[in-house]
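Have a look at the structure below, then the notes.
Both backbone and side-chain heavy atoms feed into the values below; hydrogens, waters and symmetry mates do not. Proteins get letters first, then strands, A, B, ... in listed order; numbering begins at 1 in each.
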Amino acid sequence: MASDAYQSPRGTRDLLPEELVRVRFLEETARDLARTFHYQEIRTPLFEETRLFSRSLGETSDVVDKEMFTVPPRVEGSLSYSFRPEGTAPAARAYVQGGCPASAPYQKWFYLGPMFRYERPQKGRERQFTQFGVEAFGANSPSLDAEVVDFALRFFEELGFGAELEVRVNTMGDPEDRERWKGQLHDYFKPGLSERCSDCQSRIERNPFRLLDCKVAQCQKLNEGAPSLRSELAEESAAHHAKFVATLEALGRTPKDDPGIVRGLDYYTRTVFEIHYPPLGARSALCGGGRYDGLVEEVGGTPTPAVGFAIGFTATEIAMAELGLPKPEALEPFQRDLQTQVYCVAVSEEDRLATTQLASQLRAARVQGVDLDYRNKSVKAQLKEAAKSGARVVALIGPDERAASCVCLRNMRTRDEKQVPESDLLTELLALLEE
RNA sequence: GUGGGUGUAGCUCAGUUGGUUAGAGCACCAGAUUGUGAUUCUGGGGGUCGCGGGUUCAAGUCCCGUUACCCACCCCA
């Protein structure tokens with residue numbers, strides 16, 4: 001391997017035609033299901049003003065703190081931009097910029113595209129990765145939260161996942177609930193702080209919530225008996241959570257209430273949830289989401305409730321590979337696009353113009369997958385090429401065919417051949433492709 | 001940011017205790033009597049063994065450095 005050859009940047013990968021087959025299957029499944037649930041596609045820029053993310057996700061979140069691809073201001077006083085590390089803040093920004101809060105507050109959107117985080121890559125974690133996410137704006141019903149979870153689960157079911165999936169739910173309460181809780185946590189942790197890890201010590205003032213999900217054993221022990229948010233919940237947010245869980249159950253889902261789910265981003269309120277595929281261990285989360293009733297206001301709009309999820313395709317692909325998914329027949333339509341359907345063969349040099357015209361004529365009739373040789377291959381090699389590329393029919397033209405104004409159609413599977421007059425060509429060809 | 005592993009043809013890899021012109025399979029190209037795809041057979045192109053330095057009579061093989069990738073931790077998707 002030449003050492004001076006270019007390679008894709010660390011943490012990114014190319015998707016060549018073969019590899020794109022699986023990805024297209026995921027994408028089509030997502031789009032198809034979005035139609036079913038009546039969510040509409042949006043596309044936002046791949047980069048945004050850095051402040052959009054730092055303010056909405058939280059300065060202390062790891063994503064903002066150390067994982068953003070940031071382009072500093074080009075000149076004194078101009079703006080800093082960052083490649084989007086997630087899709088919710090841009091969606092909320094677009095919602096406000098599009099005038100939705102005033103004109104059409106109820107919107108159900110989805111997005112599908114690349115996100116960027118500057119991290120050390122490893123299995124299931126890339127610097128550029130694809131997320132499929134939905135955002136439902138303008139309604140605060142806990143039933144909508146349940147719909148969003150149901151949507152996410154249905155997506156995995158469509159991909160072929162079974163009962164292995166686990167939905168973990170929790171509530172982050174309202175901002176006032178959290179403020180009360182935050183104070184209590186702070187007071188609770190303060191006395192034993194010296195026995196905790198350095199991360200915890202530095203985080204207690206900035207974000208005491210983060211101490212709860214510290215992975216250090218010693219710290220975890222000290223977390224036992226910490227005040228819970230649940231006991232601080234105001235009546236309204238407690239009722240919201242109860243209704244959310246009850247609705248999910250009525251939809252035949254079995255959420256696991258898990259107070260450990262806190263999500264890494266600041267904008268969540270009330271409902272939060274994750275969908276896990278437990279065999280993946282430490283990286284089992286395939287989907288995360290929740291309600292973010294304060295985000296629209298945070299990015300400059302009138303207060304608007306909203307709820308959504310994001311699914312990472314990378315983790316999903318890994319989980320699918322482990323489960324032997326998708327079923328081959330699910331990929332078939334996408335695989336067929338890679339194959340030639342009709343290959344035009346020229347017997348001699350003098351016949352090449354005729355095959356070029358034939359190919360053009362078939363393409364004008366919108367016959368799919370029409371190809372021919374441009375590398376001066378022998379007849380034998382052209383046939384070989386046709387077989388290798390998956391052609392179902394070969395249309396061969398030689399001096400004889402030209403003299404008789406016909407084309408020789410060869411069924412590559414049965415090896416049958418017949419001379420077809422030009423007038424019947426299209427009919428005969430389509431009949432062969434139908435088989 | 002911390003730690004571990006790997007780096008030999010386009011791909012997957014083999015290369016014995018360091019020893020002569022570095023191999024295989026697959027892929028690719030061409031041919032096996034003149035207009036036809038299986039299999040088979042024959043031939044061919046293609047590698048300064050990631051890069052730099054060191055040890056040695058001699059290094060793909062040992063040592064050091066460097067770089068890239070992979071994996072784990074952190075965190076997340």
Nearest-Å distance, [atom1] ([X]) to [atom2] ([N])?
{"X": "A/Arg127", "N": "B/C76", "atom1": "CZ", "atom2": "P", "result": "18 Å"}
{"X": "A/Arg375", "N": "B/A30", "atom1": "CZ", "atom2": "P", "result": "8 Å"}
{"X": "A/Leu409", "N": "B/U36", "atom1": "CG", "atom2": "P", "result": "18 Å"}
{"X": "A/Lys384", "N": "B/A27", "atom1": "NZ", "atom2": "C1'", "result": "13 Å"}
{"X": "A/Ile318", "N": "B/C70", "atom1": "CD1", "atom2": "P", "result": "12 Å"}
{"X": "A/Tyr267", "N": "B/C76", "atom1": "OH", "atom2": "P", "result": "13 Å"}
{"X": "A/Arg120", "N": "B/G3", "atom1": "CZ", "atom2": "P", "result": "10 Å"}
{"X": "A/Arg415", "N": "B/U36", "atom1": "CZ", "atom2": "P", "result": "13 Å"}

With a cut-off of 6.0 Å (strictly less than), are more than 12 heavy atoms of other residues, nucleotides or ligands near CZ of A/Phe47?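 Counting other residues, nucleotides and ligands, CZ of A/Phe47 stays at 12 neighbours or fewer.
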Taking the same atom, [atom1], in [N] and in [M], what whole-Å distance lies between them?
{"N": "B/G46", "M": "B/A24", "atom1": "P", "answer": "15 Å"}
{"N": "B/G50", "M": "B/U56", "atom1": "C1'", "answer": "23 Å"}
{"N": "B/C49", "M": "B/C11", "atom1": "P", "answer": "16 Å"}
{"N": "B/A30", "M": "B/A22", "atom1": "P", "answer": "29 Å"}
{"N": "B/G19", "M": "B/A32", "atom1": "C1'", "answer": "42 Å"}
{"N": "B/C41", "M": "B/C26", "atom1": "P", "answer": "9 Å"}
{"N": "B/C28", "M": "B/A38", "atom1": "P", "answer": "13 Å"}

Watson-Crick and G-U pairing of RNA chain B written in dot-bracket, each distance under 3.5 angstrom, with | for inter-strand partners: (((((((..((((.....[...)))).(((((.......))))).....(((((..]....))))))))))))....
Quick one: is the NZ or CZ of A/Arg127 closer than 6.0 Å to the six-membered ring centre of A/Tyr118, and within 45° of its axis?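 A/Arg127 over A/Tyr118 ring: yes.
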Which nucleotide in the list [options] gets nearest to the side chain of [X]?
{"X": "A/Lys123", "options": "B/C28, B/U36, B/A72", "result": "B/A72"}
{"X": "A/Ala387", "options": "B/C75, B/G37, B/C69", "result": "B/G37"}
{"X": "A/Leu383", "options": "B/A68, B/A30, B/G37", "result": "B/G37"}

Looking only at the side chains, is there a donor atom on one of A/Glu126 and A/Thr314 sitting less than 3.5 Å from an acceptor on the other?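 On atom types as modelled, these side chains qualify, holding a pair under 3.5 Å.
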Go through the N and O atoms of the side chain of [X] and the base of [N], and report whether any donor-acceptor pair is under 3.5 Å.
{"X": "A/Arg125", "N": "B/C75", "answer": "yes"}
{"X": "A/Glu119", "N": "B/A77", "answer": "yes"}
{"X": "A/Gln382", "N": "B/U36", "answer": "no"}
{"X": "A/Arg117", "N": "B/A77", "answer": "yes"}

Ring centers of [X], [Y] separated by less than 6.0 Å:
{"X": "A/Trp109", "Y": "A/Tyr39", "answer": "no"}
{"X": "A/Phe313", "Y": "A/Phe129", "answer": "no"}
{"X": "A/Phe244", "Y": "A/Phe273", "answer": "no"}

Using salt bridge (Lys or Arg N to Asp or Glu O under 4.0 Å), reason through A/Glu41 and A/Arg35 one step at a time and then give a plain yes or no. CA-CA 9 Å; A/Glu41 180 162 9; A/Arg35 274 190 290 275; over 6 Å; no
So, [X] side chain and [Y] main chain: donor-acceptor pair closer than 3.5 Å or not?
{"X": "A/Asp351", "Y": "A/Ser348", "result": "yes"}
{"X": "A/Glu401", "Y": "A/Gly398", "result": "yes"}
{"X": "A/Trp181", "Y": "A/Pro227", "result": "yes"}
{"X": "A/Thr340", "Y": "A/Val342", "result": "no"}

Less than 4.0 angstrom between a side-chain N/O of [X] and OP1 or OP2 of [N], yes or no?
{"X": "A/Gln122", "N": "B/A72", "result": "yes"}
{"X": "A/Arg410", "N": "B/G37", "result": "no"}
{"X": "A/Lys380", "N": "B/G37", "result": "yes"}

Answer with base, sugar-phosphate or nothing: what part of the nucleic acid does [X] contact at a heavy-atom distance below 4.0 Å?
{"X": "A/Glu401", "answer": "base"}
{"X": "A/Ala315", "answer": "sugar-phosphate"}
{"X": "A/Leu286", "answer": "sugar-phosphate"}
{"X": "A/Glu86", "answer": "nothing"}

For a salt bridge (Lys or Arg N to Asp or Glu O under 4.0 Å) check, start with the C-alpha distance between A/Arg410 and A/Glu417, then their side-chain angles and the critical distance, and finish with the verdict. CA-CA 4 Å; A/Arg410 177 180 179 85; A/Glu417 274 184 11; 2.9 Å; yes
Name every residue in residues 335-362 of chain A that has at least one heavy atom under 4.0 Å from any atom of RNA chain B, in order of residue number, or write none if there are no such residues.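 Output list: A/Val347.
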Check the geometry between A/Phe129 and B/A77 and answer yes if their rings are stacked (centres below 5.5 Å, planes below 30°), otherwise no.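 Aromatic stack with B/A77 present for A/Phe129.
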Nearest nucleotide by nearest heavy atom, which residue falls closer to the 5' end of RNA chain B, A/Gln419 or A/Asn376?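 Between the two, 5'-proximity favours A/Asn376.
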With nearest nucleotides of RNA chain B determined for A/Ser378 and A/Met412 from heavy-atom distances, which residue corresponds to the more 5′ nucleotide?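 Nearest-nucleotide comparison on RNA chain B picks A/Ser378.
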